[in-house]
Amino acid sequence: MAQFARERSEPVAAPAVANPGPLGLCGFALTTFVLSSINAGLIPGADAAKMVIGLAFFYGGLAQLLAGMWEFRTGNTFGATAFSSYGAFWLPVGISVQQNLIPSPTAFGSFLLGWTIFTGLMFLGTLRSNIALMAVLGLLFITFLLLTIGELAGNNASHVAGGWFGIATALAAWYTALAGILSSTKSVFTLPVGPRS
């Protein structure tokens, strides 16, 4: 009985937690890629934005939000803040497109301006991480800035350029996600991310 009590009182090791970063980056990348393809004019049509609704709710929204919560578990404040926030970005975008809730370009431009500012702050948080993550947030900042200008100034060229920068952002996010996946498996090769610290 004493041996049983002693065994139960010994600390139990916490189970290993998988890296949620690649999931968050993939949810972000695919949703951004689809919407940016629409913004760049690659997917024409007045109702083209409806393509992104499902992704915005479930992959860019819910999966990214979950990845953010799991980043809290790993102790990664940056990842938790970024994934939770961008997951929370996609959810209102999805509902706004689905329910036709965007009252004007100026209103949507103000929404995007807030996200541009937030992304600038998050970019500062990448400066000591790695070049791949800096590229993702740097490109995303430019994307948001161009889309904000496009909405507030009614400048279609800026909006289209924002779409192309969004596609580049998605590609950088997929690259960074793949680098994370390969580094956690017994892959034959890895992808460099350019560590900064």
Side-chain angles (χ1 to χ4, degrees), residues 20-70 81-123 133 135-178 181:
L23 170 63
L25 285 164
C26 286
F28 169 80
L30 182 56
T31 312
T32 301
F33 180 80
V34 171
L35 185 57
S36 295
S37 295
I38 295 165
N39 289 337
L42 299 177
I43 304 172
D47 290 338
K50 290 182 179 179
M51 282 184 56
V52 83
I53 292 171
L55 286 170
F57 281 138
F58 298 104
Y59 201 31
L62 181 60
Q64 206 173 169
L65 189 61
L66 289 170
M69 295 299 110
W70 291 322
T81 304
F83 291 135
S84 299
S85 297
Y86 290 118
F89 163 81
W90 282 115
L91 292 169
V93 167
I95 195 73
S96 296
V97 171
Q98 182 185 45
Q99 299 297 321
N100 210 11
L101 298 176
I102 301 170
S104 68
T106 303
F108 193 58
S110 297
F111 173 79
L112 292 174
L113 178 59
W115 284 101
T116 304
I117 294 166
F118 173 77
T119 301
L121 298 174
M122 294 306 292
F123 174 73
L133 198 55
V136 172
L137 272 293
L139 288 167
L140 182 60
F141 176 79
I142 295 168
T143 300
F144 273 131
L145 183 62
L146 289 168
L147 293 174
T148 299
I149 293 168
E151 293 295 323
L152 293 177
N155 185 333
N156 190 51
S158 179
H159 196 262
V160 170
W164 285 105
F165 269 93
I167 291 170
T169 302
L171 294 174
W174 270 321
Y175 175 91
T176 308
L178 181 58
I181 291 167

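As a basis for the values below, the full set of heavy atoms in this structure was taken, side chains included, without hydrogen atoms, waters or symmetry mates.
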Hey, does the side chain of Thr143 reach the backbone of Phe165 with a donor-acceptor pair shorter than 3.5 angstrom?
yes
Is the side chain of Ser158 donor-acceptor paired with the backbone N or O of Leu146 at a distance under 3.5 Å, no angle test?
yes
Mind checking what makes side-chain contact (heavy atoms from CB on, under 4.5 Å) contact with Phe141, not counting sequence neighbours?
Thr116, Thr119, Leu145
For Thr148 and Trp115, run side-chain contact (heavy atoms from CB on, under 4.5 Å): C-alpha distance rounded to whole Å, both residues' side-chain angles, the deciding distance at 0.1 Å, then the answer.
CA-CA 9 Å; Thr148 299; Trp115 284 101; over 6 Å; no
Ignoring hydrogens, what is the shortest heavy-atom contact between Gly94 and Ala56? Give both atom names and the distance.
CA-CB, 3.7 Å
Checking Trp90 against Leu35 for the side-chain contact (heavy atoms from CB on, under 4.5 Å) test, could you report, in this order, the C-alpha distance in whole Å, the side-chain angles of both residues, the deciding distance, and whether it holds?
CA-CA 11 Å; Trp90 282 115; Leu35 185 57; 3.7 Å; yes
Might you point out which heavy atoms bring Leu65 and Leu91 nearest each other, and give the distance in Å?
CD2-CD1, 4.4 Å
Once ring pair (Phe, Tyr, Trp, His ring centres under 6.0 Å) is applied, what residue pairs with a partner in residues 29-60 remain, sequence neighbours excluded?
Phe33-Trp174
To the nearest 0.5 Å, atom OG1 of Thr31 lies from atom CD1 of Ile53 at 12.5 Å
State which residues pass side-chain contact (heavy atoms from CB on, under 4.5 Å) with Ile43; sequence neighbours excluded, sorted by chain then number.
Ser37, Ile38, Ala48, Met51
Taken in chain and number order and not counting sequence neighbours, the residues that satisfy side-chain contact (heavy atoms from CB on, under 4.5 Å) with Ala173 are Leu25, Phe28, Ala29, Val136
Supply the atom-to-atom distance Leu55 CG to Leu30 CG, rounded to the nearest 0.5 angstrom.
5.0 Å
May I ask you to decide if Gly60's main-chain N or O and Gln64's side chain share a donor-acceptor pair within less than 3.5 Å?
yes
Looking only at non-hydrogen atoms, find the nearest pair between Leu147 and His159 and report the distance.
CD2-O, 3.6 Å
Counterpart residues, side-chain contact (heavy atoms from CB on, under 4.5 Å), relative to Trp164 (two or more places apart)
Ala40, Leu42, Val160, Ile167
How many angstroms lie between SG in Cys26 and CG in Leu178, if you round to the nearest 0.5 Å?
8.0 Å
Paired with Phe118, the ring-ring contact (aromatic ring centres under 6.0 Å, His included) test is passed by just one of Phe89, Tyr86, Phe144, namely Tyr86
Only counting residues at least two apart or in another chain, list the ones meeting ring-ring contact (aromatic ring centres under 6.0 Å, His included) with Phe108.
Phe111
Heavy atoms of Asn39 and Gly163 approach each other most closely as CB-CA, 3.7 Å
Leu139 versus Ala172, closest heavy-atom pair with distance:
CD1-CB, 4.0 Å
Heavy-atom pair with the smallest gap, counting every atom of Ala82 and Met122
CB-CE, 3.6 Å
